[in-house]
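Single-structure report; data block below.
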Amino acid sequence: AMPMADELAKGLASEMGGLYITKREIRSVRDEAVRRDFTGRNHKEVCRRHGISRRTLYRIIGQN
């Protein structure tokens, strides 16, 4: 989903004359999806799906 969202953001930026979407905003969407998908027992699947490392997964889960 993240690569698709990134492409959509790039397309919107070109259509709207350079709309700037920060990586922080994109990252927050990814982080919410990771939290939603993680069950506590599926770290390999979540990491593969979102293209993140296990360390990044646990950093995201540890944030409030």
Side-chain angles (χ1 to χ4, degrees):
M2 287 308 298
M4 211 161 89
D6 291 342
E7 287 303 313
L8 179 60
K10 288 176 191 173
L12 284 173
S14 66
E15 287 287 321
M16 300 183 80
L19 175 69
Y20 181 71
I21 300 173
T22 65
K23 285 186 178 183
R24 178 179 216 131
E25 291 169 352
I26 293 169
R27 205 172 283 146
S28 68
V29 171
R30 179 205 62 194
D31 292 355
E32 285 300 316
V34 167
R35 285 187 201 97
R36 182 183 62 243
D37 293 345
F38 185 63
T39 66
R41 296 181 158 264
N42 63 341
H43 73 275
K44 288 181 184 178
E45 178 186 337
V46 172
C47 290
R48 193 175 323 114
R49 180 181 303 155
H50 294 283
I52 60 175
S53 67
R54 189 168 76 177
R55 180 180 175 130
T56 299
L57 169 69
Y58 287 110
R59 180 188 53 77
I60 292 168
I61 298 302
Q63 294 174 345
N64 291 328

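For clarity, every value in this text was computed on a predicted model and none was experimentally measured.
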Side chain of Asn42, backbone of Thr39: donor and acceptor closer than 3.5 Å? yes
How about Arg54: does its CZ atom have over 12 heavy atoms from other parts shown lying under 6.0 Å from it? no
Distance (rounded to the nearest 0.5 Å) between Asp31 CG and Ile26 CD1: 12.0 Å
Determine the minimum heavy-atom distance between Leu57 and Phe38, stating which atoms define it. CD2-CE1, 3.9 Å
Can Glu32 and Arg36 be counted as an ion pair, charged N to O under 4.0 angstrom? no
Apply the side-chain contact (heavy atoms from CB on, under 4.5 Å) test between Ile60 and each candidate in Arg27, Arg55, Arg35, His50; give the one that qualifies. Arg35
State, yes or no, whether a side-chain contact exists between Glu45 and Asp37 at a heavy-atom distance under 4.5 Å. no
Assign the ring pair Tyr58 / His43 to parallel, tilted or perpendicular, where the plane angle (0 to 90°) is split at 30° and 60°. tilted
